[in-house]
*Asks:* 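What follows is a structure written as C-alpha cells; I'll ask about it next.
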Amino acid sequence: MAGLLQQAQQMQAKLLEAQNEIAATEVTGTAGNGLVTVTGNGTGEITAVTIDPKVVDPDDVETLQDLLLGALADLSNKREELAGEKMGPLAGGLGGGLPGLG
C-alpha cells in the first residue's frame with residue numbers, strides 16, 4: 001500500500017510539473033500565411049494579436065474577421081497538441097497501478 005501511495009504522489013508531482021510547463025509555454029496561431037497572428041500561453045490566455053496592415057481594408061472587414069478566427073482556431077489546436085504532448089505520457093501511466101484508471 002505504501003508503494004501505491006508513493007507511486008500516486010510521484011504521478012501527482014509529474015502532472016503538476018507538466019501543467020506548469022504547459023502554462024509557461026508560449027503558443028502562436030497564424031492565418032493568412034502569417035498576416036494575422038495570435039499569441040497566448042498554454043492556459044488559454046491571449047497575450048498578443050498582430051495584424052499586418054495589408055489585410056486592413058475598410059471595405060472588406062469580413063476577411064479580417066475570418067483571418068482572426070482562423071488564427072484563434074490554429075492557436076487552440078496548438079494548445080491541444082501541447083497538452084497532449086505533455087500530459088499524454090502521464091495519462092497513459094495512470095492505469096499501471098491505480099484501480100479503475102486503466
*Asks:* In Å and rounded to the nearest 0.5 Å, what is the CG to CG distance from Leu72 to Asn77?
*Replies:* 11.0 Å
*Asks:* What residues form a salt bridge (charged side-chain N to carboxylate O under 4.0 Å, His left out) with Glu21, not counting sequence neighbours?
*Replies:* Lys86
*Asks:* With hydrophobic residues grouped by side-chain heavy-atom distances under 4.5 Å, do Leu69 and Val56 end up in a single group?
*Replies:* no
*Asks:* What pairs meet the side chain to side chain donor-acceptor pair (under 3.5 Å) rule with one or both residues in residues 56-70, with sequence neighbours excluded?
*Replies:* Asp60-Thr63
*Asks:* Cluster question for you: counting only ILVMFWY and a side-chain heavy-atom cut-off of under 4.5 Å, with indirect links fine, are Leu64 and Val49 together?
*Replies:* yes
*Asks:* Tell me the closest heavy-atom pair linking Gly42 and Leu82, and the distance in Å.
*Replies:* CA-CD2, 4.5 Å
*Asks:* Closest approach of Val55 and Val36, non-hydrogen atoms and distance?
*Replies:* CG2-CG2, 4.4 Å
*Asks:* Calculate, to the nearest 0.5 Å, the distance between atoms OG1 and CG belonging to Thr37 and Asp74 respectively.
*Replies:* 10.5 Å
*Asks:* Take Met87 and Ile22 through the side chain to side chain contact (heavy atoms under 4.5 Å, CB included) test and state the conclusion after the steps.
*Replies:* CA-CA 9 Å; Met87 301 294 276; Ile22 289 168; 3.7 Å; yes
*Asks:* Is Lys14 atom NZ crowded by more than 12 heavy atoms from other residues, nucleotides or ligands, each under 6.0 Å away?
*Replies:* no
*Asks:* Determine the sole option in Thr39, Asn41, Leu75 for which the side-chain contact (heavy atoms from CB on, under 4.5 Å) test with Ile46 is passed.
*Replies:* Leu75
*Asks:* Measuring from Arg79:CZ to Thr25:OG1, what's the distance to the nearest 0.5 Å?
*Replies:* 11.0 Å
*Asks:* Quick one: does Lys78's side chain have a donor or acceptor within less than 3.5 Å of a partner on Gly29's backbone?
*Replies:* no
*Asks:* Does Gln9 reach the side chain of Leu5, with side-chain heavy atoms less than 4.5 Å apart?
*Replies:* yes
*Asks:* How close do Gly70 and Ala31 get, heavy atom to heavy atom, and via which atoms?
*Replies:* C-CB, 4.0 Å
